[in-house]
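The structure appears below as C-alpha cells.
As the structure lists them, so they are numbered: ligands from 1, and atoms in each ligand from 1. Numbers here simply count residues along the sequence, with the first being 1.
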Amino acid sequence: MKALYPGTFDPLTNGHLDIIERAAHIFDEVIVLINHNPRKQCLFSVEERISMIQKSIALLPNANKIQVMAGKGLTVNIAESIGAKTMIRGIRAVTDYEYELATATANMKINPNIETFFLIARPEYTFLSSSTVKEIAMNDGDISEFVPAPILKQVEERLK
Ligand code: ADP
C-alpha cells in the first residue's frame, strides 16, 4: 500500500525523518509531499527542500521505498491522483491533535476514500519542530541533534 506524507518541511527535522522511516516500515511505498502553499513564507525553496529530503532519506535502510515530490492544491486530491489511499501525519502534543483532527475530518468530508494515519512522535522528538530549529540556529545554538547530518551545514548557513 502507498502512503502520502504531506508537510512543509522547512526544513526537514529528525522528527520528520523518524516518521518517514517508521511509515516506510509499515507501507510498501511512502511519498513525501512538499505541498506548496504560496501564502506560507518559507526559508527554503521547494527545490531546496526536495533535495534536502532526498539527501536525508538516502541514509535510511528502506530508502528505496521512499520518494519525494512537490505539489499544489488539496492533499487528498494529490493522494488520489497518485493512487495513495492513506495520508500520514505526525502528532507531538494535544495542540497538534486539535489541528490534525480538524484537518483529517475535513479531508474525510472532501474524499472519504482517503484515510489519515497518525503516528505519535518519539519522546525525544516531541518538542521538535522546523520553527524550533530555526529559532535555535538563528541564535547561534547547536542544532546538530535536531536536523539530519547531510543537511546540517545548509540549514546553519541559511540562518547565520
Ligand atoms: P505542516 O505545515 O503540514 O504542518 P510540517 O512540516 O510542520 O508541515 O509537519 C508535517 C507533519 O509532520 C505534521 O503532521 C506534523 O505534526 C509532523 N511533525 C512535525 N514535527 C514532528 C516531530 N518532531 N515528530 C513527529 N511528527 C512531527
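Not a single heavy atom of Arg122 sits closer than 4.0 Å to an atom of ligand 1. Using a 4.0 Å heavy-atom cutoff, Tyr99 is absent from the residues neighbouring ligand 1.
Ligand 1 has an N or O atom lying under 3.5 Å from an N or O atom of Thr8, backbone or side chain. The shortest N or O to N or O distance between Arg92 and ligand 1 is below 3.5 Å. Between Ile19 and ligand 1, no pair of N/O atoms sits closer than 3.5 Å.
Of all heavy-atom pairs spanning Val155 and Met52, the tightest one is CG2-CE, 3.6 Å.
Atoms of ligand 1 found under 4.0 Å from any heavy atom of Phe9, numbered from 1 in the order shown, are 6 (O). Near Lys40, meaning under 4.0 Å from any of its heavy atoms, are these atoms of ligand 1: 2 (O). Which parts of ligand 1 touch Gly7 is read off a 4.0 Å heavy-atom cut-off, strictly below it: atoms 3 (O), 8 (O), 10 (C).
Of the charged side-chain nitrogens involved, at least one lies within less than 4.0 Å of a carboxylate oxygen, so that Asp10 and Lys134 count as a salt-bridged pair. A salt bridge is absent between Glu80 and Lys85; no separation between the charged side-chain nitrogens and carboxylate oxygens falls under 4.0 Å. Salt bridge annotation for Glu29-Lys65: absent, with no cationic side-chain nitrogen under 4.0 angstrom from a carboxylate oxygen.
Of the inter-residue distances, the one linking His16 atom NE2 with Ser56 atom OG reads 11.5 Å to the nearest 0.5 angstrom. Met69 CE to Ile82 CD1: the interatomic distance, rounded to the nearest 0.5 Å, is 5.5 Å.
The shortest contact between atom 24 (N) of ligand 1 and any protein heavy atom is with Ala121 CB, 3.4 Å. Scanning all protein heavy atoms for the shortest distance to atom 12 (O) of ligand 1 gives Tyr5 OH, 2.7 Å. For atom 7 (O) of ligand 1, the closest non-hydrogen atom on the protein side is His16 NE2, 4.2 Å. Given atom 15 (C) of ligand 1, the protein heavy atom at minimum distance is Gly90 O, 3.6 Å.
Aromatic rings of Phe146 and Phe127 (six-membered ring for Trp) have centroids within the 6.0 Å cut-off, being under it.
Contacts between Leu128 and ligand 1, counted as non-hydrogen atom pairs separated by less than 4.0 Å, involve both the backbone and the side chain.
Of the candidates Arg89, Arg22, Arg49, Arg89 brings a heavy atom nearest to atom 13 (C) of ligand 1.
With contacts defined as side-chain heavy-atom distances shorter than 4.5 Å, the pair Lys55/Gln154 qualifies. Taking the side chain as every heavy atom from C-beta outward, Phe27 and Ile88 approach each other to under 4.5 Å.
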